[in-house]
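The analysis underlying the following values was restricted to heavy atoms, covering all of them including side chains, and did not include hydrogens, waters or symmetry mates. In this text the structure is predicted, and so the values were computed from the model without any measurement. Order of the sequence lines sets the chain letters (A, B, ...), proteins ahead of strands, with each chain counted from 1.
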Protein chains: 2
Amino acid sequence: MISVYSFNEDGELLQEEKDTINRLSKMPLDSLNLDAVSVVTNIYRVAQGLRNKMEREVLSKHGLSWTSFSILYDLWIWKSVETKKLAELTAVSKATISNITKTLEKKELVFRRTDTRDRRITYVTLTDKGKKVMEELYPQFHKGEVEIVSSLSVNEQKDVSESLRRVIKENQF
Amino acid sequence: MISVYSFNEDGELLQEEKDTINRLSKMPLDSLNLDAVSVVTNIYRVAQGLRNKMEREVLSKHGLSWTSFSILYDLWIWKSVETKKLAELTAVSKATISNITKTLEKKELVFRRTDTRDRRITYVTLTDKGKKVMEELYPQFHKGEVEIVSSLSVNEQKDVSESLRRVIKENQF
DNA sequence: GTAATATCGTTTCATAGCTAACGATTATGA
DNA sequence: TCATAATCGTTAGCTATGAAACGATATTAC
C-alpha cells in the first residue's frame, strides 16, 4: 500500500511529520490542511487495500489483474467493444488495452477482430470460456466488495458515496 | 482510471448492468448490494484520479512516480531508513523497493549503504539534491491534495476520513 | 562449535502501465 | 483527383510491481 503520510492509530499525523514539514518546506504549520491530508491518504489506502484483496482472494485464481478483470467485466456487460471504447471505460491508454487484450487472448478469454468496413477499428469480444470465468468470479468479487464496506452502515455508505461522487465530478475524474 | 462498473451521471448503476449481472451470474438482483458497489467504485476512481493528477501536475517535473515520491517523503521525515522498513511504510514488496531506490540512486536523490555490523541490512538516505526536490515538491503536492477535496466542507472531510479510517481498521489495510 | 534455520537484499522473470513513434486507413479540401 | 490531415491500433522502450529463487549473513539448536 502506498500511503505517503504516516499516521498514528487515531489517524493523526505524527508530530515528527508536522515538525519536518514545517521546518523543511518553509510552510507555516497553519497552512497545512490536515483534513485534506487525511482524506487523501485514507482514500488511497482503502483503494490499494481493495485492489490487493481482490487480486489476492478472487482474481488470482485465474491469474487476472484488477484491470484485466475490469476489461472482462465491460465485455461481459456490453458483449463486443472497440479497443478505443475500452480504453475510455477503464481509463488506461490504448497501448495498455492493446497489451492486456493480447494477454487475455492468449488465455482464450477474449478474441479480437477487425471491422470489415473500417479496418482501423478492432472489436474485442468475450469467448465462452471468458463468460464462464465471469459467471464464476463476479459473485465472489461482489461478495468482497460487500465485506470491505460492511463496517459502515447503509447511511454511511450512501454519505461516503455522495461525497466522493462530488469529488469525482468537480475534478472530472 | 480503472472503474469496473459503469454509472450514469447521478451515480446510478446502469440498467444494462443490473440486467446482465442478474441474467448471467444467476445472482438474484436483491442480493446485489448497490451501495457497496457504489462506495467501492467511487473510492477507486478518486484514488486513481488523485494519483494521475499528482503524477501529471506535480511529480512529472522530476520524473517521479507516486511510489517514488512516497519513498522520498519517508526519507525526508525519517532521514535514514532500512529498505525493509521502507517496504512496510509504503507497503510494496522488498523487490520493488530495491528497484525504485536503485532508480532514485541513479538520479542522485538518495544513496544506499550497508550496515557495518549486520551486513544484511541496507540503509537508504536522502541526498542534499533529494532534500531540495522535496522542499520544492511538497508544498505543490499538498496544494494538489487541498484542491482535490475542496468541493467538500471541512465537516464532510472529517466524516469521510472517519468512515474510511474504520474501513481501514476493520480490513487491516 | 557446528549444522540447521531465519532474515535480508538482490536478481530474475513475468505483467501492467505510460509515452512516443509508426503504419494503415479514412476523411478533408483544394 | 490527389495530397494532406486526422484517426486508430500496434510496437518499442521505459519504469513499476510482484513472486520466486538465490546468496550472504546472522541466529538458534543441539
Legend entry - Atom-to-atom span, CD1 of A/Ile71 to C1' of C/dA16 - whole angstrom: 10 Å

Legend entry - Test item: side-chain donor near acceptor, A/Arg165 and B/Ser38, under 3.5 Å: yes

Legend entry - Atom-pair distance (CG on B/Leu86; C1' on C/dC8), nearest Å: 14 Å

Inset, instruction - Could you check whether A/Arg56 gets within reach of a base, just the sugar-phosphate, or nothing at all, counting any heavy atom under 4.0 Å? - result: nothing

Please list each protein N or O that sits under 3.5 Å from an N or O in nucleotides 12-15 of chain D, with the distance.
none

Inset, instruction - Report the nucleotide, chosen from C/dG17, D/dG9, C/dT11, that has the shortest atom-to-atom distance to any side-chain atom of A/Thr96. - result: C/dG17

Legend entry - Length of the CZ-P vector between A/Phe111 and D/dG9, whole Å: 16 Å

Legend entry - Nearest-angstrom distance from the residue atom CD of B/Glu82 to C1' of C/dT10: 17 Å

Inset, instruction - Using a 4.0 Å heavy-atom cut-off across all strands, classify B/Thr83 as base, sugar-phosphate, or nothing. - result: sugar-phosphate

Inset, instruction - Could you grab the distance from atom CZ of B/Arg112 to atom OG1 of B/Thr101, nearest 0.5 Å is fine? - result: 4.0 Å

Inset, instruction - Evaluate the ring planes of A/Trp66 and B/Tyr44, with Trp represented by its six-membered ring, and classify them as parallel (under 30°), tilted (30 to 60°) or perpendicular (over 60°). - result: parallel

Inset, instruction - Would you tell me if any nitrogen or oxygen in the side chain of A/Arg112 comes within less than 4.0 Å of OP1 or OP2 on D/dG9? - result: no

Inset, instruction - Look at the side-chain N and O atoms of A/Lys102 and state whether any lies under 4.0 Å from the OP1 or OP2 oxygen of D/dT11. - result: yes

Legend entry - Residue-phosphate contact under 4.0 Å: A/Thr67 side-chain N/O, C/dG17 OP1/OP2: yes

Inset, instruction - Ignoring the backbone of B/Lys84, work out which of C/dT10, D/dG9, C/dG9 is nearest its side chain. - result: C/dG9

Inset, instruction - Say whether B/Ser68 and B/Ser65, considering side chains only, have a donor N or O and an acceptor N or O under 3.5 Å apart. - result: yes

So which protein nitrogen or oxygen atoms get under 3.5 Å of nucleotides 25-28 of chain C's nitrogens or oxygens?
unit_1, atom_1, unit_2, atom_2, d
C/dT26, OP1, A/Arg117, O, 2.7

Legend entry - CA sep, side-chain torsions, deciding dist, call: A/His62, A/Lys107, side-chain contact (heavy atoms from CB on, under 4.5 Å): CA-CA 10 Å; A/His62 292 278; A/Lys107 293 185 179 177; over 6 Å; no

Inset, instruction - Would you indicate what A/Ile97 reaches in the nucleic acid, counting non-hydrogen atoms under 4.0 angstrom: base, sugar-phosphate, or nothing? - result: nothing

Legend entry - Residue A/Arg51, side-chain heavy atoms: nucleotide from C/dC18, D/dT10, C/dA16 that is nearest: C/dA16

Legend entry - Distance, rounded to the nearest Å, where A/Trp66 contributes CH2 and C/dG17 contributes C1': 17 Å

Inset, instruction - Quick one: pull up NZ in A/Lys61 and CD in A/Gln140 and give me the separation to the nearest 0.5 Å. - result: 4.0 Å

Inset, instruction - Indicate yes or no: does A/Glu55 engage A/Arg51 in a salt bridge with an N to O separation below 4.0 Å. - result: yes

Legend entry - Rounded distance (Å) that lies between atom C1' of C/dC18 and atom NZ of B/Lys53: 20 Å

Inset, instruction - Starting from the C-alpha separation in whole Å, work towards a yes-or-no answer on side-chain contact (heavy atoms from CB on, under 4.5 Å) for A/Phe111 and A/Val124. - result: CA-CA 6 Å; A/Phe111 64 89; A/Val124 186; over 6 Å; no

Legend entry - Plane angle bin for B/Tyr73 and B/Phe69 - parallel if under 30°, tilted between 30 and 60°, otherwise perpendicular: tilted

Inset, instruction - Examine B/Ile121 and B/Leu86 and state if one hydrophobic cluster contains both, with Ile, Leu, Val, Met, Phe, Trp and Tyr joined whenever side-chain heavy atoms are less than 4.5 Å apart. - result: no

Legend entry - Nucleotide C/dA16, atom P - distance to CG of A/Leu72 in whole Å: 11 Å

Inset, instruction - Check the distance between D/dG9's P and A/Ile100's CD1 and give it to me in whole angstrom. - result: 15 Å

